[in-house]
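See below for the structure under consideration.
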Amino acid sequence: MELIGDITADRPLLVLAVKEEAQFLDTDLPVLLTGMGKVNAATALATVLGRGPRPSGVVNLGTAGALRPGWTGTHVVGTVIQHDLDGELLETLTGETYGAPVLLPDGGDLTLATGDAFISDEAARARLAARAALVDMEGYALATAAGLAGVPIRIVKHVSDEAGDGAARTWRESVAECARALARWAEENTPYRS
């Protein structure tokens, strides 16, 4: 976890997993690099929100794999689900609901599936495509942590790969281009400079 800049109540906090995704941000806004995966994302964001002061909102910028053919570009997420937690089974065991979808304001109808597995095979991609358009490793955890803290969140993802065979290679090759697109989105859609 690395926090760059100071969090204030009148500005949003930009949250990204890794420095490669943040490499073209040139902003006065605070930036939190969480590390990859749900545990790193949730604990990093919960730590900074718990310390205070809290930002006016959280903007998660990051890369995502496309689960359906033809998906490219930058997208604002409307619903985020957790694909690697069997909530239905847990409910039958405990009677409690775990891992319910999180609905985000201003996100439209795009669904993002979050899980700790990097999706790089066709079978997993096809299974997830029935439930979501994009897949990442942090979005659900960040939405949950922000929601519990009462801080609004927007999740913005740029497609880096097709979440199938060769996805890891494609992510490494495309992450710089994705980082440029995410920095452009942030400049156009946040109070990027003081």
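For clarity, every value in this text was computed on a predicted model and none was experimentally measured. Values below: all heavy atoms of this structure, side chains included; hydrogens, waters and symmetry mates excluded.
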Review point. Going only through I, L, V, M, F, W and Y residues with side-chain contacts under 4.5 Å, is there a path from Leu49 to Val102?
Key: yes
Exercise for review: Check step by step if side-chain contact (heavy atoms from CB on, under 4.5 Å) holds for Val15 and Thr34.
Suggested key: CA-CA 7 Å; Val15 179; Thr34 65; 3.5 Å; yes
Review point. With respect to Leu13, which candidate in Val151, Leu45, Ile153 satisfies the side chain to side chain contact (heavy atoms under 4.5 Å, CB included) definition?
Key: Leu45
Check your understanding: Can you get from Leu182 to Tyr192 by hopping between Ile, Leu, Val, Met, Phe, Trp and Tyr side chains that sit under 4.5 Å apart?
Key -> yes
Study note, to complete from the structure: Between Phe24 and Ala179 the two heavy atoms that sit nearest each other are CD1-CB, 3.6 Å
Point to revise | Audit row: Ile81, Leu112, side-chain contact (heavy atoms from CB on, under 4.5 Å) steps and yes/no | key: CA-CA 6 Å; Ile81 63 172; Leu112 172 72; over 6 Å; no
**Study point:** Residues His83, Val135; criterion side-chain contact (heavy atoms from CB on, under 4.5 Å); working and verdict
**Key:** CA-CA 9 Å; His83 72 76; Val135 63; 3.8 Å; yes
Review point. Under a single-linkage definition using a 4.5 Å side-chain heavy-atom cutoff for Ile, Leu, Val, Met, Phe, Trp and Tyr, are Val58 and Leu32 assigned to the same hydrophobic cluster?
Key: yes
Review point. Rounded to the nearest 0.5 Å, how far does CG of Asp106 lie from CG of Asn189?
Key: 11.0 Å
Practice item. Enter the distance from Leu142:CG to Met137:CE here, rounded to the nearest 0.5 Å. Key: 12.5 Å
Point to revise | Whether Ser56 side chain and Arg11 backbone form a donor-acceptor pair below 3.5 Å | key: yes
Practice item. Indicate yes or no: at least one non-hydrogen side-chain atom of Pro30 is less than 4.5 angstrom from one of Asp6. Key: no
Practice item. Examine Val77 and Val159 and state if one hydrophobic cluster contains both, with Ile, Leu, Val, Met, Phe, Trp and Tyr joined whenever side-chain heavy atoms are less than 4.5 Å apart. Key: yes
Review point. Taking Arg54 for the side chain and Ala149 for the main chain, is one N or O donor matched with an acceptor at less than 3.5 Å?
Key: yes
Point to revise | Salt bridge present between Asp136 and Lys157 (N-O < 4.0 angstrom) | key: yes
Review point. How far apart are the closest heavy atoms of Val80 and Ala143, and which atoms are they?
Key: CG1-CB, 3.9 Å
Exercise for review: To the nearest 0.5 Å, tell me how far Glu187 CD sits from Leu29 CG.
Suggested key: 11.0 Å
Check your understanding: Rounded to the nearest 0.5 Å, how far apart are CG of Leu134 and NE2 of His158?
Key -> 11.0 Å
Review point. Checking Glu138 side chain against Gly37 main chain: does a donor-acceptor pair fall under 3.5 Å?
Key: yes
Point to revise | Side chain to side chain, Leu16 and Val31, heavy atoms closer than 4.5 Å | key: yes
Practice item. Examine Val175 and Met36 and state if one hydrophobic cluster contains both, with Ile, Leu, Val, Met, Phe, Trp and Tyr joined whenever side-chain heavy atoms are less than 4.5 Å apart. Key: yes
Practice item. To the nearest 0.5 angstrom, please state how far the CD atom of Glu173 sits from the OG atom of Ser160. Key: 11.0 Å
Review point. Looking at side-chain heavy atoms only, is the closest gap between Met1 and Leu33 below 4.5 Å?
Key: no
Review point. Where do Ala129 and Leu67 come nearest, in terms of heavy atoms and distance?
Key: CB-O, 3.3 Å
Check your understanding: Is there side-chain contact between Thr27 and Leu14, with heavy atoms separated by less than 4.5 Å?
Key -> yes
Point to revise | Worked verdict on Leu61 versus Val59 for side-chain contact (heavy atoms from CB on, under 4.5 Å) | key: CA-CA 6 Å; Leu61 302 169; Val59 180; 3.9 Å; yes
Practice item. Decide if atom CG of Asp10 counts as having more than 12 heavy atoms of other residues, nucleotides or ligands within a radius under 6.0 Å. Key: yes
Exercise for review: Look at the side chain of Gln23 and the backbone N and O of Glu20, then say whether any donor-acceptor pair between them is shorter than 3.5 Å.
Suggested key: yes
Review point. Does the pair Thr114 and Gln82 meet the rule for a side chain to side chain donor-acceptor pair (under 3.5 Å), with working shown?
Key: CA-CA 5 Å; Thr114 297; Gln82 189 171 198; over 6 Å; no
Review point. So do the side chains of Tyr140 and Ile155 get within less than 4.5 Å of each other, counting heavy atoms only?
Key: no
Check your understanding: Are Arg125 and Glu122 within salt-bridge range, i.e. N to O under 4.0 Å?
Key -> yes
Practice item. Answer whether the closest heavy-atom distance between the side chains of Pro12 and Pro55 falls below 4.5 Å. Key: no
Revision key, fill the gap. Looking only at heavy atoms, the pair that brings Ala132 and Thr111 closest together is CB-O, 3.5 Å
Point to revise | Carboxylate-amine/guanidinium proximity below 4.0 Å for Arg193 and Asp26 | key: yes
